[in-house]
Enquirer: 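One structure, pasted below without further comment.
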Amino acid sequence: MAFFDFVDKVEYGTGKDYSFRYYDADKVVMGKKMSEWLPFAMAWWHNLGATGADMFGVGTADKTFGQVPGTMEHAKAKVDAGFEFMQKLGIKYFCFHDVDLVPEADDINVTNARLDEISDYILEKMKGTDIKCLWGTANMFGNPRFMNGAGSTNSADVYCFAAAQVKKALDITVKLGGQGYVFWGGREGYETLLNTDVKFEQENIARLMKMAVEYGRSIGFTGDFYIEPKPKEPMKHQYDFDAATAIGFLRQYGLDKDFKMNIEANHATLAGHTFQHELRISAINGMLGSIDANQGDLLLGWDTDEFPFDVYETTMAMYEVIKAGGLRNGGFNFDAKNRRPSYTFEDMFRAFILGMDSFALGLLKAAEIIEDGSIDNFIKEKYSSYNDGIGKKIVDGETSLEELSAYACSLKKPALPGSGRQEYLQYKVNNILFK
Ligand code: XLS
Ligand code: NI
Ligand code: NI
């Protein structure tokens with residue numbers, strides 16, 4: 001049964017109403033196909049689950065797919081709809097939380113049996129397609145038991161339920177051939193220090209992650225684990241504030257070999273950073289893993305999860321991704337949802353076309369910026385005083401504070417550093433973007 005009869009396969013350059021203007025999967029850009037630079041993924045939760053409900057009103061979109069929500073028939077209809085959707089758009093990956101796939105039962109054994117059943121069904125669907133699982137995760141923030149966190153909970157029993165969910169989500173991820181496993185610290189954080197032992201909570205989160213790595217490796221998971229940093233929401237203070245914080249945490253607890261970052265654009269801006277900043281910090285630490293491709297609204301202080309449309313942002317993001325040599329096990333997961341009044345199935349396709357084309361155009365423009373060379377050349381030149389003389393000695397670690405002091409004193413007063421030329425470089429970028 002088809003759900004999206006109004007559209008055939010969405011393709012590049014057909015000029016049809018539903019088509020890509022920039023995303024040309026086989027086009028080679030800087031040595032790789034667009035589809036290799038941009039392994040797009042569908043987020044099960046937003047695309048197949050979210051109805052547009054918010055704190056002030058019920059949903060506007062009908063995601064029943066002809067079945068009664070809360071049933072396995074509905075869970076299977078979501079699989080059918082999801083695969084039709086991905087195939088029509090040429091999306092090769094999907095991401096899921098355990099409870100996106102099946103309705104959660106009161107008894108975890110029942111939920112687990114449902115997960116076995118639905119993963120068999122998905123596996124069957126995957127056959128004959130080139131669709132794969134990008135990453136899986138466990139929802140450890142929705143159920144009331146996680147009110148005080150999962151790895152950070154004060155209840156050892158609840159901690160065991162978190163462990164059980166991680167174990168099962170890993171089982172399903174491996175069964176579906178998933179390349180990644182995400183820990184987004186849903187409620188791993190706190191509201192007030194009056195009732196919180198931060199050190200103990202962080203140690204316990206690390207213990208849970210360590211057990212996840214041990215178990216995952218023992219069942220043949222060879223992909224990457226990810227932390228998805230986010231500074232706030234739902235908690236006031238989230239422990240994985242940003243990439244720098246999460247990387248420090250991973251190193252402190254010896255998890256840095258198995259984990260990388262899953263960087264979400266909207267989380268970056270919530271942390272007071274740019275998306276590009278978070279990508280750069282991850283990349284220079286060898287931790288750029290995957291991307292949750294969405295966009296926030298700078299006028300709003302929460303995770304609005306919009307489909308990316310700001311080409312300046314996607315360009316600078318792709319600049320980082322190209323410089324990092326691409327994502328290895330990761331991809332571009334549209335952790336994004338339609339706006340509440342865009343409630344039709346047509347809008348779902350429009351949103352993905354917008355997001356995919358925004359990144360494809362960003363890729364093309366980033367490649368042009370790199371080929372133009374102005375930025376790279378400027379940056380190289382900016383630090384050229386370290387290429388020889390006293391500068392080289394500093395970089396080579398062959399000097400001392402005494403020698404540098406003597407050198408400075410002999411100069412009496414240094415020349416000012418060269419101009420940062422920011423406006424000139426911004427103008428250069430604009431001229432490439434809008435030529
Ligand atoms: C929420 C997060 C979440 C993760 C997966 O803000 O972005 O959707 O990506 O748990
Ligand atoms: Ni996300
Ligand atoms: Ni988010």
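For ligands, and for the atoms within them, numbers begin at 1 and follow the listed sequence. Heavy atoms only: backbone and side chains are in, while hydrogens, waters and symmetry mates are out. FYI, the numbering just counts along the sequence from 1.
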Enquirer: With a 4.0 Å cut-off, would you call R114 and E104 a salt bridge?
Expert: no

Enquirer: Restricting to N, O or S atoms of D303, which is nearest to the Ni ion (ligand 3)?
Expert: OD2

Enquirer: Has T153 got a side-chain atom pairing as donor or acceptor with Y159's backbone, closer than 3.5 angstrom?
Expert: no

Enquirer: Report yes or no: does E233 contribute a side-chain atom to a donor-acceptor pair with the main-chain N or O of D303 at less than 3.5 Å?
Expert: yes

Enquirer: For the residue pair S19 / E11, report whether a side-chain donor-acceptor contact shorter than 3.5 Å exists.
Expert: no

Enquirer: What protein atoms of element N, O or S are positioned under 2.8 Å from the Ni ion (ligand 2)?
Expert: E228 OE2, E264 OE1, D292 OD2, D335 OD2

Enquirer: I'd like to know if the side chain of Q295 pairs up with that of N266 as donor and acceptor (distance under 3.5 Å, no hydrogens or angles considered).
Expert: no

Enquirer: May I have all residue pairs that pass side-chain hydrogen bond (donor to acceptor under 3.5 Å, both in side chains) and include part of residues 27-44, sequence neighbours excluded?
Expert: none

Enquirer: Testing the 3.5 Å rule here: is there a donor-acceptor pair between the side chains of R251 and N285?
Expert: yes

Enquirer: Which pairs with one or both residues in residues 350-377 pass ring-ring contact (aromatic ring centres under 6.0 Å, His included), sequence neighbours excluded?
Expert: F85-F352, F307-F352, F332-F359, F334-F352

Enquirer: Decide, yes or no, whether a salt bridge links K167 with D171 under the criterion of side-chain N to carboxylate O below 4.0 Å.
Expert: yes

Enquirer: Tell me whether D258 is salt-bridged to R217, with the criterion being a basic N under 4.0 Å from an acidic carboxylate O.
Expert: yes

Enquirer: Less than 3.5 Å apart, N/O on ligand 1 and N/O on the protein: could you list those pairs with the distances?
Expert:
| residue | atom | partner | partner atom | Å |
| --- | --- | --- | --- | --- |
| ligand 1 | 6 (O) | K230 | NZ | 2.8 |
| ligand 1 | 6 (O) | H267 | NE2 | 3.1 |
| ligand 1 | 6 (O) | D303 | OD2 | 2.8 |
| ligand 1 | 7 (O) | E228 | OE2 | 2.7 |
| ligand 1 | 7 (O) | E264 | OE1 | 2.6 |
| ligand 1 | 7 (O) | H267 | NE2 | 3.3 |
| ligand 1 | 7 (O) | D335 | OD2 | 2.8 |
| ligand 1 | 8 (O) | D335 | OD2 | 3.0 |
| ligand 1 | 9 (O) | E228 | OE1 | 2.7 |
| ligand 1 | 9 (O) | E228 | OE2 | 2.9 |
| ligand 1 | 9 (O) | D292 | OD2 | 2.9 |
| ligand 1 | 9 (O) | D335 | OD2 | 2.9 |
| ligand 1 | 10 (O) | H97 | NE2 | 2.7 |

